[in-house]
Every structure is written in structure tokens, then in C-alpha cells.
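Report on the following structure.
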Amino acid sequence: MLYLSLIAGRLGKAVLVLLAILVFNFFLIHAAPGDPALVMAGEAGSTDAEFIADLRERFGLDQPLPVQLWHYISGVLTLDFGYSYRQQMPVLDLILDRLPATLLLTGAAFIISLSLGVLAGALAAMRAGKPSGSLIMGLALLFYATPLYWVAMMSVLLFSVWLEWLPAYGFSTVGANYTGLAHVGDVALHLILPALTLGLFFMAIYTRMTRTSMLSVAQQDFVRTARAKGVAPGVIQRRHILRNALLPIITLAGLQAGQMVGGAVLTETVFAWPGIGRLMYDALMQRDYNLLLGVFFFSALLVIVFNMITDVIYRLADPRIRGAA
Amino acid sequence: SGSSASSDGDGAQPHSGGEVNIAIQPEPPSLMLPLVQNNPVQLIGGNIFESLLRYSTDLEPMPQLAKSWEIGDDGLTYTFHLYDNVVWHDGEPFSAEDVVFSVGFMTEVEPQARETMSHVERIETPDANTVVFHLKQPYPAFIMAFEVGSMPMVPKHIYEGTDYHNNPANAHPIGTGPFEFERWDRGSVIVLSKNEDYYQEGLPYLDTLYWHVIPDAASRAAAYENGTLDVLPAGSVENFDLERLADLPGSCITNQGSEMFNPFAMLWLNNREGPMSDVRFRKAVMYALDRQFANDVLWNGLGRIPAGPFSSKLPEHDDSIEAYPHDPEQARALLDEMGYNGEQIRLLPLPYGETWARWSEAVRQNLEDAGINVTTEATDVAGWNQAISQWDYDIAFTYLYQYSDPSIGISRTYNSDNIARGSPWNNVEGYRNERVDELFAAAAVEADPEARQQLYSEVQQILHEEVPLAWLLEMPQPVIHGCDVHNLITTGIGISDGFKNAWIESGD
Amino acid sequence: MSFWHRFARNRGALLGVFILTFFILLALLAPFLYPDSPWRMVQRPFLAPGEVEGFPLGTDAMGRDVAAGLAHGAWVSLLVGLISTLAAMLIGVPLGALAGYFGGRVDDVLMRFTEFFQTIPNFALAIVLVAILQPSITTIILAIAIVSWPPVARLVRGEFLSLKQREYVEAARLVGQGHVAIIVRQILPNALSPVIVLASLMIATAILLESALSFMGLGDPDLMSWGYMIGAARTVMRQAWWLSVIPGVAILLTVLALNLVGDGLDDALNPQLARQR
Amino acid sequence: MSETLLHIERLALSLPEGGERLYAVENIDYHLDSGEILCVVGESGSGKSMTANAIMRLLPRGVNVAQGRALFAGRDLLRMSEEEHRALRGRHIGMIFQEPMTALNPLLRIGDQLAEVFEAHGLLSTGERRQRSLALLEEVRLPDPAAALRAYPFELSGGQRQRVMIAMALALEPQLLVADEPTTALDVTTQAQILGLIRDLQKRRGMAVMLITHDFGVVAEVADRVCVMREGRIVEMGTAAEVLDNPRDAYTRALIEAIPGDAVAPPREVADSVPLLSVTGLDKVYRTGGGWFKEKREVVALEGIAFSLGRGETIGVVGESGSGKSTLGRCLVGLNRPDSGEIRLDDVDLRALAGRELREHRRRIQMIFQDPYASLNPRTRVGMAIAQGPIANGVPRAQALARARELLATVGLEGSAAERFPHEFSGGQRQRIGIARALALDPELIIADEAVSALDVSIQAQILALLDRLKKELSLSLLFITHDLRVAAQICDRLIVMQKGQIVEQGSAEQVFNSPQHAYTRELLAAIPGRRRPAATPVVEEDQP
Ligand SMILES: Nc1ncnc2c1ncn2[C@@H]1O[C@H](COP(=O)(O)OP(=O)(O)OP(=O)(O)O)[C@@H](O)[C@H]1O
Ligand SMILES: Nc1ncnc2c1ncn2[C@@H]1O[C@H](COP(=O)(O)OP(=O)(O)OP(=O)(O)O)[C@@H](O)[C@H]1O
Ligand SMILES: [Mg+2]
Ligand SMILES: [Mg+2]
């Protein structure tokens, strides 16, 4: 019940925020030079001005901006996100087509980064001051500081071109037409490199955060209490320190899970992953306004949803907040 | 490896079966070639759609849907005899009516076709398999107008009386070509499969074509390297990678297949404004450019440096014209003479990838070495189109197809009646010369080759002297492919003509 | 124990300062070490490091001196990092401070505003902004600042929320200090230490973001930066690995140094350590 | 009964470099027998906690054992392996920590934390653990122990948490209980209960207790033997009677002299019959929560408060924790807005004022804050901290700073103190700085909210004396909020007793102490520790200023 009312309340606010985002984004992208008609004409290699004017009329781009905005917003309110100018398909179809791939990629990257990051951070915290602890932190820094696409390129080179262990790109093996488990395995194989690449940076962040958080929790009085009770060090780390140290990480993770969708542009580009990050980039470059707005809308939605999930998890994890509710 | 092995005569026999994987970038917006003619659509569309003719790498017309044709002695009638067993992918028969409809369709949706067909007085269909075009006056370039990208055949039974752009069939294009549309996983792959009912016996050989959408050039190279891809069409990988990829075992490279398009790189010089309005400045730019360096370093030495406005591949090219040499001293002298006061010149690169980015850096350096102050204004594709079509630039990179005839691909750039704001492909440099206008107009309709050549030579000389824009390079269009893919390129439009004749050695 | 004493005791932090100083000096001295433009094509392309004398780091695909690029690029990359972080601070700190200090409706409005920027994926927003404003060093810095301020605002708000309850703040109110004085004199100095640590991380992220933008073709075309070098080297990575590795290592070292310094600051500013009686 | 359980020999603990002294403790020698309560007293920082931590091997990082032994049943606690020691901890040695609010893991249920003691030593089955836990909670007299087992720490009050801590420490019936200031954070009534509980258990189980405290009342109440520490050394040690009645060491004497007695200050004549401050019908309700997912919660903090305060008069406000004392003070100075009621200063209704006028009048009432650490900005120099008020009220900077130096001298600090930062002062000195700051605006009324409760007795005495002096010199009025009745008795003319937001009794100090009218007042008075030990009283009385 409480969660329901919480979620309902958040949804109400979320809808307002989403609408505001749409309006803002609408003007933002119309501020960019060029328009879809010009881009399409430019690609065709030979056009006249009349043809371009025709295109604009067809897309409704000849109308004043406020009118266009009105059309767009009233469409969105009935869940009609319009047509992609360039692809001549409903925006919703295009996005829903690509969304699963992005969710899969970011989800996998998220889980990898969170689990490995927390693990590494916990180890580093327990070994703080020892060489092994410093080594973990050194590696984390290395991952943090290495540009994402560099890691991506190198991993393709190593694992796909030289070792030929993993596919270099794509979502599944083209033409193989696997079904069932074979398909799942195939996709999983394709997922490894992009998910690892995308997860690496965040993993480094979680490692650092977990370590800092654990070290500061370790200073707290209740840890001393546990030691005074004679609880074994391993149990103290797990049950008392780690659990408390995870609270701030949950918040961060929620924020970043949402952000990953946008962060996936690079990864999706390098690995030819058919997700919405790339769709967004292409739409931006082609000034495919409706599509771009659609992608923005959905990624904002994802951020909001992730934040809500985080809230719920946080509430489950922290009895104090649960109690306050 | 490394050598061209496409039009192979090495004795290997074509055989049916197999699949070919090709890179495609960017992802085409649609496969409806008659409505959308950009590069990726053309690359794929030639497999689905066909026109009446094909053109050899020497630009000689070859049969396609028309098994034969005649041109009247007066140069006014063109008669095409069509194959009689052609069916559309949906099983409907193809006929002369479709040809007439397609001409109407294309003139409605495509400006270039409108221009070409404006020479036509009327079209007749004496029978279901014959089409006759009657021209208003002789127009020698007319025979070049039936390339699949410019005049694809559109099924009348599907499109007649509909809103072309919103016809549901656009999502599943119907043509007469050797391959049929099968599937499109957005963002991943486009699959075409063999047209079992193709009207030419035994063709095509291949069962399936997979067009892989891979947005990143390095990833495309890697995919070719690990054997996932068989064919890298021109522009799929960065030029820097060409040599390495071509040198891989079992890898072939060919520079053929761009004769019909004839891409030609140049710098727009905005003739209306500032120093660029002074011919001495424009000449100084020509002297300043180190085109040899660009060709060697950026284009692997595969391109050719043009002397003047006409590509050396065109028969109309005047060999007596000498190219401006790389001579910064001369450039500086000219700038001094005109009194260039060091004002900032904006350079607009072409946002088409790393090669172009590097090229603009080289050009900027060349210009600066000659004493011209340059700032680069980077943009994305939309911004570039906007700046060019609104004439908001000083110097800008571009490249244009010169096609097979100057009246189609060249005159549009210099004709003063082609100055109109709003399009990036007309006379955007704002050059006006009445004599040039006259010469182009006369040459286009001149049936006598000798007289034609004279007109074109004069145009070339004038333009060479006035430098309305800077000619950079006759661009190479190298295709890299596994040597086991045979007969890949058989015509002057290369891969865009489809995989009709291609076959793949099995057993790898 | 003085702040510097505590900071200097941290060997990692000192190493960080040393590396940073090196790059800052390199950036400052670039015009003297390499008076020529780093864009100038001076030798054969693709010279490996040390292959030809005078080009210790070799040349790139266009025959430009990599060492010159690295030196001039240091300037741009550090500038992007520092200024964009500063700008993000200038947006984030006041917003967070007002939200945290006044609370209630002000907080609500400002936090909605912040959330708003957080719901647009930040790399995407940066791309859009740069594409709209056209790439140049100013727009890149601006875009990076615009996408990176929300975490600052949140952090500062959090600090203010807890610090404004402190008795010394109430004491200041009691003796008649105004809001501005309380925010600036009483709370801000005490809220700053986590902000400084965050800032050191943000500088690093900004440098990486610039390089990612550059990689996407949205860098400033007239300025040589490490991000540009790495992006340009990408296409020739197979022919000349050093072209991507050299600027990559430079970025890595800078980020490393910034992190070390950040950690050092964190320790040195830590009130628990400072309040040892 | 007297079998030596713990024997500490020549213990020295080294402090990290740059500390205030080389050793936290030096040359510590004492023993503790089974069934005995040893009270360790001494000023703050004297090393009481460190000694205890050394026994528990819970020394903070950087503090190390430099020499000495701690023999527990013949084995050296300081040198045995960590595993061996862990087996003793919790099982044979239990510890109660100073701070009950943070000593429990906020994410685990009380039951789980209790059961963990058994689990750590591999005792009992899960079901038995639960039962034992329940029994323990009953034993420490927690209301509704079954519910408490399921509760999270935040759901318990401070006193309840402290009892859970005690239950935990006693779970395995240790031979030795180390209790580090187990009652400091609690109000008198709760404190009395807890002390009773410890003593009770100690008697029943015959365990040895090492009780660390700075409250001599507590010592008087429970100690068998007393150990007095100062600056890391033991200055005196003996039976409770010996030390309290016959202190040999000068420092011990000073400590004992500083204990505020029960004696009530003689009533003073209040010359001015016109009250300076009069409060009528003051109400304040805290409303929290609301919004999307929080329930609304209302706490009535003040209800119908009415009293008046004359010029030069001192009123003490006493009452248990949460009774609304602070809220009252904060309403008077304007840090909180009352919901209704009138606050008149002379004839001006403060609540009706706004803007400039309000500021003009508000500076006539100043406040001394409870916590000398928290009430000074750690990054502002002390001189500036004092001068900020006058500067904000338009006094030129230089002049304000000069005045700040004078004020520092007034409260007994050197002028050079102005250039230093707060952390360079001791707690007592900081409290003086707080007083100087309050004086800087020349107020007529000072509200002191628990101004001395964080300080140990000797410093407490100094501050009280200082306040008394200033009050006379500057003819200040004082509203003195405290939960320590003896402190209130010492300096107040009149007392206000509060409970649950209401004034339940007010009258002259003498009257309230000697003939309390309200049941609650009597309860409060009865709970004062050490009150029933007559021997201490004369010592204190001699010491009245
Ligand atoms: N973590 C620490 N690191 C270094 N020195 C410390 C630390 N904790 C305490 N000290 C120092 O050790 C000495 C003894 O401190 P201890 O905590 O034993 O005092 P205490 O007698 O318990 O005082 P209080 O009554 O304030 O609790 C003091 O000088 C203190 O400054
Ligand atoms: N800001 C606040 N919001 C909500 N409730 C509050 C707030 N401040 C105090 N209260 C509640 O108001 C009541 C009175 O609190 P107040 O601080 O005045 O008590 P007190 O007598 O000073 O107690 P103590 O001796 O513990 O300081 C308490 O129940 C407390 O929980
Ligand atoms: Mg202590
Ligand atoms: Mg209080």
C-alpha cells in the first residue's frame, strides 16, 4: 500500500517532469542548425530547393514552431510519438524495437559493474594498507581513467581478431538463425564484450565507493560493539560493515543505471549493438526530431523508473526509512 | 592478393549457392530506391530494383530489362525492346506500361529525373514489350539516363493512384531485380534472398545477401578481418586501413565500379564575398593546395589530381589544360598582389569521417603556409548542409558526382541559372559567367561529337582561368572483398548494380 | 598538524602533485618547446617513436610531431578539465546551497530543476549541446559544465541540509547575520571539502568527456587535444599503436594524478583527522 | 569473594605522533576482584576509555600498547593471539559503550544482534538463542521484550537502547563487565534505573565491574573502590569511602569540591518589580512529515507556557528529556516560531515585530549553546566569531574586533586567543568563548541551554562561577535550561519544572527543592544519584561561592 501510494505520487511528478523535458528538448533540438529535409536532400546528392520545400511540407516543418510543438505534445498525450521522418516508421515501433537490446546491454553492464565493483571494493577495504588492497585500487583507477572506446577497441582486437574467442560486434550471429537456448547462448556471447566494456568504468566507481564507504562504516561504534561481542572478523565485514556501506551505493547505482542508457552510445557504436543509444545518435545527426524526442522521452522514463526502483530497494534495505514511511 | 581480380578470367566456373556478407553504413532510411536515392539505399536497392539498361565500366550501355534498343538517326527517338518473361517480386507481370508509369513516378519525386525527362516530348508503347521515347531535340546524354539509381522501374499495379510516400509497400519494396527483400532487423542486418523467378536463366548465383549495419569504421575493418564480412564497399573503412586490409591473405581490392558516378572532390569558394570574390585569391588557393600530398597520404595514391573542372575519366575532358602546381610562393605573390589583408577565412570540412577531417587539417595547413588565416568550423551533416545551402561559408569541402556526362553532373555547378538558395547541390559558389552558361547549354544538345568537344573545351579553359572553385581530387572508390567473391563488379556503378552476376567459391 | 603537513605525508598525493605539475608545466611551456603549430606536417607520416632523431614520440598519420601535439594538447585538455569543472561548480554550488539552506519550496523547485537535467542521459545531452552550438572549445566546456553540475548541486545541498542545523549556524542567525553571510561565511567553508574531492574527480571525467566528444567528431577542430589525438589515432591503431597509446597514457596519468590528489585532499581535509586533540 | 580477576601492570599506551602527549596512559597499575565495582573517574581525556579499550583490544588505530600487562585470570590479554582473545570477548569480558545511540547496527533487528553474541561463540541453537534473548530483555526490564526483539534500534529510545547494550554485554554472564560511561547520555530517571540494574546484576552474579564515569554522584552511589585518573596517570586509588571523604590528592579534592551540591542558593531580592520578560500562553506544535509517503506526525512541544522573568533574575528550567525546554529557549530567541502566545520584552511584543525593529530588539536576548564544540564554526577565528554579531549590526570591523579581545579578557582568556581557531581550545575554554559571543551584543537576557552539561565537573564549576560573576557585574537576566537539578539549584533564583510541554511547577528554588508540590518534581529529585549519601554534603556546602 505504502509503496503503491509512493509510486503513484512519484508517477504524478514524473509525468510533469517528462512533459517539461519534452518541451525543453523540443526547443533544444530545433535550435540545432539544419533540419531533416535538408539532411535527406543532402544525402541524395542532387536536389533542388523545390524538392526540399516539398519535404518540409510533408513533414509539417513549414509550420510555426509553437504549432509543431502543440501537435507533438498532443500526440504524446495520446501515446502517439509520431513518425520518424527518415525511416518512415512510427517512432514508438522503432524505439520498442531497440529498447530490449539496450536494456539487455545496460542491465548486464550494471550487474557486472555492481557485483564486481562491490566485491573488489570490499576486498580492497579489508586489505586496506596492504599491497593487495592497493593493487585493486590501482586497477580500479586504471579502468576509471582509460577512455571507454579505447578499452572497446582493444578488447575487440584481442578477443575477436587475434584470439577469435568472441564475436566482434552485433547482437547475434547473422544468418545462423539459432532458436531457443542456442539463440540465448549466441546473444550472451555477443553481449560479453560490450557489457564488460560499458561496465568497466562503473565498476571502477563502485569499487572506490564501496571501499570508502566500508572504511568509514568500519569506524562506527556498532562495529566496535560487534567486535566486543567476539564476532569473527569475516562476519563483521559482511553482516555489519558491508551491509551498512551498501546504502549510499544503492542511491548512486540508481542514478547511474539511468545514466548508462546515454553512456551506451559509444559502446553501441563500436560494437554495432542495435540499441537506442545509437538510434539516438543517428536521430540527432539526421535531425529526425520526432525520433530524437522519442528517445529522450524513453531514456528519461528509464531514469525515472530506475530511480523509483532504487527508492524501493533503499526502503527495503534501510529499516529507518521504512519506519519513517 | 592486392590486385584487382573482379572481372576475373582465371578459369573458375560460376556456380550457384552461398551467401555474401556486406557492410552497409549508414543504415539506409528505407529500401525504396525510387523514393530515396542516398548512397546506402543505392548500394542495396540495385539488387531489388532494375532499370532498362546497365552501363559497362567503359560506360557502354548494356541490356537489363531492355534486351535491345535503337536510337533514331536524328537522335530523337529511342526504342527499347523489353524481356517478355519479367515478373515483379509479387508475381505480377512487368510490361511497357510499368516503364511509362515509372518515368512519370520518377519525374514527380526526383528533380534529376525531371531535368532529364524534360527533353522528352512523348512516350509510346506500341506493344507490351516495347517503349519508344520521342525527344524534343537531340540530347545525346539521354541514353545514359536508364541507370537503376536514376530511373528504377516502379510497379504500376502497386503505386498507381496512391500517395507514393505513404504506400505500405515501401516497407517491403517490390522490384524485378535478382534479389528479393526478406528481412530487416533494424540496427543489425538487412537480408535479401535470391529471386527464384528471375527472368535471366541461371541468375543470380547467390542464395542470400546479408547487409550488416556496423556504424563504426574500425569495427567494420575488424569484422572483415575476422571473416564475418566478405565485401567492404567503397567508404566502409578509413583510407588508412585500405592497404592493410587489402594485403590480408585472400583479400582483393578493386578501384573499378565508380565510372558512372565519377565522384569529384572540390572546395566551394564563396565567390560572392570577401577575398574569395577576387580571382587572384582563388588562384592562390589552387597554388597553395598540396594535392599530391593529400592523394598520397589520405587516398593511398589511388585518386587522380584533376587539371580543371572535368574529370579525366570523361571523354569530354580537355587534355591540353595543365593543373595548377603546388607553389606556395606563387600563392603568396598573388595574395600580395591583391592586397589580402589577413582576414580570417572560415573553412568548413565535410563531416564524413576521419579522412575528410584529416584532409581539412591538411588544407588548413596548406592555406596557412601560403599566408591565409583560417579557422575551421566543424559541423555535423545537418549543419554542413545548412551552411552550404544558405551560402554561409567561405571555403567548404564537398564532393559531387560528375556522372557520365557534363550536362548532368558538371554544368549544374557553374550555370548561373542554377543559383538558388536552399539546396546544397546547385551553383552554391555563386559563379556567374554568361559565356559559360551559353557554352554548357549549347553543348548539352549538340549531337555532333566534334562540335560538342569544342564547346566543352572552351568551357574548361574559361573555368580553369577563373577558378570558381578549387578542384581537389578525382576520388577513388576502392572496394575490398574476399578474393573468393567473383564477378562482384561488372558495371560502371559497381556494387550498386547488385550481385546479379556475383558468385562465391565454396569450400572455405 | 597543518593541512600541508598532513597532505604531504600522503605519498600518493605527492606523486599526484608531481605528475600534475609536470603536465601543467608541459602545457605552459608548449609554446616555447614547440613554437610551431602542432598541426604542421613536418616529417614522413607514421614514424615510430625514436625512429628519426628530433621526433622522440614519432609522427602521426599526417606526418605531424606527436610530441608537439602532446604538449599543446596538454594545454587544451587541462583547460577543458579545469574550466568546465569550475563552471559546473559555479552552477552547482549556488543551486545546491540555496536549495539546502532555504529548504521547502525553494528546495523543491531547485531539485526538480536538477532532476530535470539528470533525466537526460548526460553524454547524450553533451552531444546535443555541442552539435547545436557547433563544436568549439567554448561550447565543449559549456556542454560539459552543463551536464556535470547536478551531482555537485546534490552534494552541496546535502551538506547544507545537515550543516544548517549546526549550532554555530544558529548562533550566527542569533547575532543577526543575514542569509548571505551565513551561507558564504558559516556554511560554505565547512561544506567545501567533499566538494573539492568531487571536483578532482570531475576534472578527470571532463577530460574523458572531451575526448569522447572528439571521438564522436565533435571536438574543436582548431585545437589539438589529447582527446583529438586519441580519436584520430583510432583509425590507424593497427598501423601505429603508439599514436593512441601515447595520448591515452597521458590522460591516464592525469586522471590518476587527479585521483591521488583528490584522495590526498580528502584525507587532509577530513575533520576527523584534523580534530585530533 | 575477593579473588583477583583482572590485574593491570605498568600499562602504558603510546599515542600517535603529534598527539597532545606521548602516552595516553602511563604506569597504570590496578587490580579488580570478582564481585567488586571499581569506578574509574577523572577529567575528560585522562585515559579512562583507553584503558578499557586496551583490555578489550579495541584501541583506535595509532594507539599502541607500549608496555605492561593485563592479566585476566592469569593470562595476558594484551599478548594472547587474536583468536584467543576473541573467544574471551563477549563470553568472559563484556563491555557497555558510552554512546547507546550509535552502538547498535541500525540495519539489524535487536533480536538478531542479541543472538549474535551466542552465535559468535557457537553456543545454543537458533531457537534457544531467541529464548535467551527474550529472557535477557526481560531481565533488563525492557517493556514488551517480545516486540523489542523484532524492533530495529531506531525504534527504541536512548534508555531502551542502553538497556539492550547491557543485555548484550551480560548475555553470556561474563566474569568482567567494562562499562564506559553507560549513563552519560541519559536523563536522571533513566540513569537511576540503569545503575540499579547493573548493581543488581553484579550482586546476583558476582561479576567484577569496571565503571567509567565522570559523575561523582554515580560514584557515590555504586562504587566499592575508586580510581582517579588525570593526564594518563592514576593519581589516587582506594575504597569509595576513603577517596570521597578523605581525598589525599589535590586533584581529587578539586574534583570533589566541584560537585554541585543539593544546597539551594539563598533567595535574592529582585529589586526591579517590572519584569524584563513576560511570556503568556506560548504554544508550539512540531508538525513533521506529510507529503507523498510520510505520515503526518505532531508533537506538542509547548502548551500554554506562562512565566515572567525580572531584571537580574535567574530562572532555571528543568525537566526530563523531551519536555520542551530547548523549544522554549529557542522560541524566546526567535530560532523557532511559536504557534501562539505572547513574548514581551519590556513592553514590546517580540512576535509582532518584523525586519529592522525585530533585529534591534532580538539582539537584547542572546543564547549560550549547549555544545561548546558544535556551536563554534571550526573555520572561523575566535575573535572573528565574537565580532561577527556586532559587525552584522553595523559596528565597524576594527572596533568590533577590539571589543572581542576585551570580552575574551572578561571571560578569562588572553587577548591572543582571538587569533586562534576553536579546535585549539579545551571544552571549558570554548564554552567561555560562547559566553563572550553572547555578551558581544550587550544583551539584557541570556538564555543558556544546557550550557554546562557537556563539561566535566571541574570545568562545569568554573563556568557556573563565571556566569554568576558576569550576571552580577552586568546585571544580566538569565534563563538557565538544564536537566541537572543540582546545577540548577546552585545558581537559580527560581525554578520552572516542565513535563510534556507544560509547566508543572514553578517557584523559588528553595521552595521547589525542599517542598516539591508536583509528583513529577518529586520523582525528579529522587532520581538524583548520590543524593542519599550524607557524607558528601558538607564538603560541597563549604565550597559555595
Ligand atoms: N583515536 C585516537 N587517536 C589518537 N589519540 C586518541 C584517540 N582517542 C583518544 N585519544 C587520546 O587519548 C587520550 C585518552 O583518551 P580517552 O578517550 O581515554 O579519554 P577519557 O578519559 O575516556 O575521556 P572522556 O571522559 O572525554 O571520554 C586523550 O589524550 C585523547 O586525546
Ligand atoms: N525540529 C523538531 N521537529 C519535530 N519535533 C521536534 C523538533 N525539535 C524538538 N522536537 C520534539 O519536541 C519535543 C520537545 O523537544 P525539546 O528539544 O524542546 O526537548 P528538551 O526538553 O530540550 O529535551 P532535552 O533535554 O533532551 O534537550 C520532543 O518530543 C522532541 O522530540
Ligand atoms: Mg571516554
Ligand atoms: Mg534540549
Side-chain angles (χ1 to χ4, degrees), chain A residues 32-36 38-54 58 84-89 93-94 97-98 101 149 152-153 156-157 160-162 164 167-175 268-276 278-279 281-282 284-288, chain B residues 19 21 26-27 29-30 32 35-41 109-112 114-115 165-166 170-171 185-189 191 208 210 212-216 218-220 222-223 225-228 351 379-389 400-401 409 412 418 420-426:
Chain A
D35 65 14
L38 253 182
V39 175
M40 291 174 69
E43 280 181 341
S46 68
T47 46
D48 52 15
E50 190 191 332
F51 175 76
I52 296 176
D54 267 7
R58 192 138 51 83
S84 156
Y85 303 128
R86 186 182 155 87
Q87 313 217 29
Q88 290 300 313
M89 275 176 75
D93 291 359
L94 281 169
D97 204 28
R98 299 286 194 95
Y149 49 87
M153 291 184 321
V156 168
L157 209 58
S160 307
V161 178
W162 290 339
E164 300 196 14
Y169 70 94
F171 184 76
S172 57
T173 308
V174 163
E268 290 185 357
T269 302
V270 174
F271 291 101
W273 191 262
I276 60 171
R278 239 177 77 207
L279 191 66
Y281 184 73
D282 291 343
L284 170 63
M285 288 302 142
Q286 290 147 1
R287 302 291 187 271
D288 199 338
Chain B
E19 57 180 56
N21 294 278
E27 183 165 25
S30 132
M32 185 57 193
L35 287 175
V36 188
Q37 282 98 26
N38 69 24
N39 202 38
V41 184
V109 302
E110 215 268 312
Q112 188 68 46
R114 200 174 307 152
E115 165 70 23
H165 287 280
N166 292 319
N170 294 347
D185 297 340
R186 299 260 161 185
S188 296
V189 69
V191 186
T208 322
Y210 292 106
H212 295 240
V213 182
I214 307 176
D216 181 53
S219 305
R220 290 192 288 272
E225 219 174 329
N226 78 359
T228 320
T379 53
D380 60 357
V381 176
W384 183 88
N385 278 303
Q386 171 87 1
I388 298 290
S389 56
L400 277 167
Y401 288 164
R412 59 177 174 161
N418 218 9
R421 223 187 255 267
S423 161
W425 302 122
N426 53 24

Under 4.5 Å from any heavy atom of chain A - which part of [X]:
{"X": "Thr208(B)", "value": "neither"}
{"X": "Val213(B)", "value": "both"}
{"X": "Val191(B)", "value": "neither"}
{"X": "Tyr401(B)", "value": "neither"}
{"X": "Ala222(B)", "value": "both"}

With rounding to the nearest 0.5 angstrom, report the [atom1] to [atom2] distance, [X] to [Y].
{"X": "Glu164(A)", "Y": "Glu225(B)", "atom1": "CD", "atom2": "CD", "answer": "9.5 Å"}
{"X": "Asp216(B)", "Y": "Tyr169(A)", "atom1": "CG", "atom2": "OH", "answer": "12.5 Å"}
{"X": "Asn166(B)", "Y": "Arg58(A)", "atom1": "CG", "atom2": "CZ", "answer": "7.5 Å"}
{"X": "Arg278(A)", "Y": "Glu27(B)", "atom1": "CZ", "atom2": "CD", "answer": "6.5 Å"}
{"X": "Gln87(A)", "Y": "Arg186(B)", "atom1": "CD", "atom2": "CZ", "answer": "5.0 Å"}

Do Ser172(A) and Val189(B) make a side-chain contact, defined as non-hydrogen atoms from C-beta onward lying under 4.5 Å apart?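 No; the side chains remain at least 4.5 Å from each other.
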
Could you check whether any side-chain heavy atom of Leu38(A) comes within less than 4.5 Å of a side-chain heavy atom of Ser389(B), counting everything from C-beta outward?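 They are in contact (side-chain heavy atoms under 4.5 Å apart), so the answer is yes.
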
Donor-acceptor pair, side chain of Ser219(B) and main chain of Val270(A), under 3.5 angstrom: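 Such a contact is found between Ser219(B) side chain and Val270(A) backbone.
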
Which atoms of [X] approach chain B - backbone, side chain, both or neither, heavy atom under 4.5 Å:
{"X": "Leu94(A)", "answer": "side chain"}
{"X": "Val156(A)", "answer": "side chain"}
{"X": "Arg86(A)", "answer": "both"}

Indicate the atoms forming the closest heavy-atom contact of Val39(A) with Asn385(B), along with that distance.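 Taking Val39(A) first and Asn385(B) second, the nearest heavy atoms are CA-ND2, 3.9 Å.
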
Considering all heavy atoms of both residues, which atom of Pro215(B) and which atom of Thr269(A) are nearest to each other, and what is their separation?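 Minimum heavy-atom separation between Pro215(B) and Thr269(A): CG-O, 3.4 Å.
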
